[in-house]
Amino acid sequence: MQYSTLVETFEKVEATSKRLEITSLLVQLLKETPASVIDKIVYLTQGKLYADYLGVELGVAEKLLIRAVAAATGENEAHVGST
């Protein structure tokens, strides 16, 4: 699966407030997802990297994360922090 497919779906989900449309977008994403990575896609959809029972935490402060995302995307930190 192309990462761009995941990003496009997340952007469409973020752009709508219609629950049925969100559900439809996520269903389509999961149908297109290969079985070998379905768990990773489900965790990312929940805003997680791993299952809760694994107890894995990144331990990255919010400000540092905003700075890193801003540097990676070329956006300013104020814009990244406000979204």
Side-chain angles (χ1 to χ4, degrees):
M1 163 176 263
Q2 295 289 321
Y3 186 70
S4 61
T5 303
L6 179 64
V7 171
E8 289 169 6
T9 301
F10 285 168
E11 286 176 341
K12 289 176 185 175
V13 166
E14 186 178 8
T16 186
S17 61
K18 299 175 184 173
R19 293 180 78 58
L20 290 176
E21 188 175 340
I22 292 171
T23 301
S24 176
L25 289 165
L26 293 175
V27 166
Q28 188 59 38
L29 174 68
L30 294 175
K31 283 182 177 180
E32 296 173 3
T33 302
S36 60
V37 295
I38 192 89
D39 58 337
K40 293 167 183 58
I41 300 302
V42 170
Y43 292 136
L44 284 174
T45 301
Q46 296 174 338
K48 302 176 183 181
L49 294 178
Y50 296 98
D52 289 338
Y53 65 85
L54 293 175
V56 176
E57 293 186 22
L58 294 179
V60 177
E62 183 179 348
K63 295 282 185 181
L64 179 60
L65 184 60
I66 289 171
R67 221 176 299 139
V69 170
T73 61
E75 290 286 342
N76 64 41
E77 291 180 27
H79 181 262
V80 172
S82 68
T83 55

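Counting begins at 1 with the first residue of the sequence.
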*Looking at L26, T9, L29, which one forms a side-chain contact (heavy atoms from CB on, under 4.5 Å) with I41?*
L29
Applying the 4.5 Å side-chain criterion to the ILVMFWY set and letting contacts propagate, would [X] and [Y] be lumped into a single cluster?
X: V56; Y: L64; value: yes
X: Y43; Y: V37; value: no
X: V7; Y: V42; value: yes
X: L20; Y: I22; value: no

*Side chains of T33 and L6: does their closest heavy-atom pair fall under 4.5 Å?*
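No - every pair of side-chain heavy atoms lies 4.5 Å or more apart.
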*Would you say T23's side chain and R19's backbone share a donor-acceptor pair under 3.5 angstrom?*
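Looks like yes, one N/O pair under 3.5 Å.
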To the closest 0.5 Å, what do you measure between [atom1] ([X]) and [atom2] ([Y])?
X: I38; Y: E32; atom1: CD1; atom2: CD; value: 10.5 Å
X: K18; Y: S24; atom1: NZ; atom2: OG; value: 11.5 Å
X: K12; Y: Q28; atom1: NZ; atom2: CD; value: 9.0 Å
X: Q46; Y: D52; atom1: CD; atom2: CG; value: 8.0 Å

_Around atom CD of E62, are there more than 12 heavy atoms from other residues, nucleotides or ligands closer than 6.0 Å?_
no
_Least distance between heavy atoms, I66 atom then E77 atom_ =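 Closest pair (atom of I66, atom of E77, distance): CG2-O, 3.6 Å.
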*asked:* Pair T45, F10 - check side-chain contact (heavy atoms from CB on, under 4.5 Å), show working.
replied: CA-CA 8 Å; T45 301; F10 285 168; 3.7 Å; yes
